[in-house]
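Single-structure report; data block below.
All chains are named by letter (A, B, ...) in the order of the sequence lines, taking the proteins before the strands, and each is independently numbered beginning at 1.
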2 protein chains.
Amino acid sequence: MPDNAGMAARTKSPAPSPGSSSGPSASGPSADGSPDTTAEGYLAQFLGAQTVRLGLRERKKQATRNAIRRATFTLIEEQGYDATTIEQIAAAAEVSPSTVFRYFATKEDIVLTDEYDPVMLAVLRERPEGEPPLASLRFLLTEAVKAVSAHEPEELRQRSRLIVEVPAVRARMTETMAQTSQALSVVLAERTGRAPDDLEVRMFTAAVLGALREAMIYWGERGFEEDLLAVVGRTFDLFERGLTL
Amino acid sequence: MPDNAGMAARTKSPAPSPGSSSGPSASGPSADGSPDTTAEGYLAQFLGAQTVRLGLRERKKQATRNAIRRATFTLIEEQGYDATTIEQIAAAAEVSPSTVFRYFATKEDIVLTDEYDPVMLAVLRERPEGEPPLASLRFLLTEAVKAVSAHEPEELRQRSRLIVEVPAVRARMTETMAQTSQALSVVLAERTGRAPDDLEVRMFTAAVLGALREAMIYWGERGFEEDLLAVVGRTFDLFERGLTL
DNA sequence: CTCTCACTTGAGAGCTACTCTCAATTTCAT
DNA sequence: ATGAAATTGAGAGTAGCTCTCAAGTGAGAG
């Protein structure tokens, strides 16, 4: 899977202001109908959609957010993750340290955050009715990987490198994936007519995401040589074989 | 699964001294032959085995370690996890804060650490030759749960509660499980004649442990009402059905 | 039994992620 | 333009964790 492709970090919402009101949240995408199943841009369209039509306030917030993230990536590239402090990031982004924490709950989140989660949930809900859960997840994650690879390939690599190399980042991503797993489980339970907290469904998604996490680390360990999409493919192939070793 | 049953935390080894030399490490158990398959004590015997015959130094270290853990559990019980500081723990255990960090790399580890990991690996190696990986894991984890439930039932509950309630603890346990997963993968790869870093094996174990993590959280969420062993059973049943939903 | 060496400990200084509060500034709506 | 709401910076504070150094304690050799 991609970075934490589609596993947005949303724990500990960034304090009071910016974080909470910023995102267009989960509703947006499903409205504009007619999804073109273009191989490479299925999820992408759901994202850019409502970026326009924003007041000055919102635009400034996005700008600040991007400034912080860009500054962070640059600094880390130069000095490494641990050596980069929040103070430096704040200085480079020309904001105060307080502001950094207003936008990102943890230092790790600056590197990890993306907003695919609500999109993936929306897409999952719109999958053909009888589609088996595993097929739905395969579609979802494949598309997510494509989208991230196309949209922000450089970030994907750097992020993945940090996930492999920095324990704290990896841990945070794992937490984030677990949350995504929960959210997906609820929708899958609904789609298969089970209770929202059905144990089997939860274990199922947890198993799939757990395997994907491993696949992605594997990918990172080999220096991103292999095709990420292929690695994800192997993961789902394994599950389709009934996970028999 | 139990707390992090058998998933010992061993990252960032507790600084120079005590941590490194303390444990009898991985070799011990496999030596004394004739394992009695007594339903409830299979793994247990591997543990107590070499607790005796220790010099004063080692005994003191064990005592300190226990003192710290006991103090921690007590304080957390009274005040909650976040409200309990290392300083308080140190005071209660009658050691210095430095010493606490010499024995445990992180605050979370004080609550999580146990030493089933090397035992599990040793036991896994001794499983009958042709046994399918899933069956081996089932045996291993079932026994681990039994052992922990019998050995330290009270800690198991409190630990599980913290895993459900405190994100930091849960995250740390997950990291720990990932490491266990890696270790198990290596042995499983060996037993099935594959490369030590074979992707399919890694995904397989990651999937199983991911599901178990979920099962354990599920168990904790219901207030430990259901039988933990049964929940673990359901997990493996699901996998034996080929993980079909 | 004792002397020496390696190990363990406590003290303390230091760094940084993260929280909280408050006053100042900026955007938005009317 | 004016008042309300939101965003920001400043600053102080907490706690986990690291590192260093000197003092104390157990282990083994002679």
Checklist entry - How far does CD1 of B:Ile163 sit from CD of B:Glu221, to the nearest 0.5 angstrom? => result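 Interatomic distance, B:Ile163 CD1 to B:Glu221 CD, rounded to 0.5 Å: 12.5 Å.
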Next on the checklist: Heavy-atom count check: over 12 atoms from other residues, nucleotides or ligands less than 6.0 Å from B:Glu94 CD?
Outcome noted: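 For B:Glu94, atom CD is not crowded (no more than 12 foreign heavy atoms under 6.0 Å).
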Whole angstroms only, please: what is the [atom1]-[atom2] distance between [X] and [N]?
X: A:Glu58; N: C:dT26; atom1: CD; atom2: C1'; result: 14 Å
X: A:Glu108; N: C:dA17; atom1: CD; atom2: P; result: 9 Å
X: A:Glu94; N: D:dG9; atom1: CD; atom2: C1'; result: 14 Å
X: A:Arg172; N: C:dA17; atom1: CZ; atom2: C1'; result: 13 Å
X: A:Glu87; N: C:dA17; atom1: CD; atom2: P; result: 9 Å
X: A:Lys61; N: C:dT26; atom1: NZ; atom2: P; result: 17 Å
X: A:Asp109; N: C:dA17; atom1: CG; atom2: C1'; result: 13 Å
X: A:Ile86; N: C:dC18; atom1: CD1; atom2: C1'; result: 9 Å

Item to check | N or O in side chain of B:Tyr103 less than 4.0 angstrom from C:dT9 OP1/OP2 | outcome: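 The answer is yes; a side-chain N or O of B:Tyr103 sits under 4.0 Å from OP1 or OP2.
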Item to check | Phosphate OP1/OP2 of C:dT8 contacted by B:Lys60 side-chain N/O (<4.0 Å) | outcome: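 False: B:Lys60 side-chain N/O out of range (4.0 Å or more) of C:dT8 OP1/OP2.
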Checklist entry - Mind checking what makes salt bridge (charged side-chain N to carboxylate O under 4.0 Å, His left out) contact with A:Glu87, not counting sequence neighbours? => result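 Partners of A:Glu87 by the salt bridge (charged side-chain N to carboxylate O under 4.0 Å, His left out) criterion come out as none, since no residue qualifies.
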Item to check | Expected output: side-chain B:Ser160 to main-chain B:Leu156 donor-acceptor under 3.5 Å | outcome: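 Flag set: sc B:Ser160 to bb B:Leu156 pair under 3.5 Å.
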Checklist entry - Closest to the B:Leu56 side chain: D:dC17, C:dG10, D:dA27? => result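 So the nucleotide nearest the side chain must be D:dA27.
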Item to check | Nucleotide nearest A:Ser96 (side chain, heavy atoms from C-beta), chosen from D:dG26, D:dG16, D:dA10 | outcome: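 Comparing D:dG26, D:dG16, D:dA10 against the side chain of A:Ser96, the answer is D:dA10.
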Next on the checklist: Going by side-chain hydrogen bond (donor to acceptor under 3.5 Å, both in side chains), name the residues that satisfy it together with A:Ser185, two or more places apart in sequence or in a different chain.
Outcome noted: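 Applying side-chain hydrogen bond (donor to acceptor under 3.5 Å, both in side chains) to A:Ser185 gives A:Thr205.
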Item to check | Set of residues satisfying side-chain hydrogen bond (donor to acceptor under 3.5 Å, both in side chains) with respect to A:Gln88, sequence neighbours excluded | outcome: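 None.
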Provide a list of protein-nucleic acid N or O atom pairs under 3.5 angstrom, restricted to nucleotides 1-4 of chain C.
none

Next on the checklist: What I'd like to find out is whether the side chain of A:Asp197 reaches to under 4.5 Å of the side chain of B:Arg222, using heavy atoms alone.
Outcome noted: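 Side-chain contact under 4.5 Å: yes.
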Item to check | Heavy-atom check, side chain of A:Arg172 versus side chain of A:Asp109, under 4.5 Å | outcome: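 When only atoms from C-beta onward are counted, A:Asp109 and A:Arg172 do touch, with a gap below 4.5 Å.
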Polar atom pairs between nucleotides 20-24 of chain D and protein, under 3.5 Å, N or O only, would you list them?
none

Next on the checklist: Heavy-atom nearest nucleotide on DNA chain D for A:Pro97 versus B:Thr85: which residue maps closer to 5'?
Outcome noted: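 Its nearest nucleotide lies further toward 5', so the answer is A:Pro97.
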Item to check | Of all pairs that satisfy side chain to side chain donor-acceptor pair (under 3.5 Å), the ones with a partner from residues 67-77 of chain A, not counting sequence neighbours | outcome: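 The answer is A:Arg69-A:Glu155, A:Glu77-A:Gln158.
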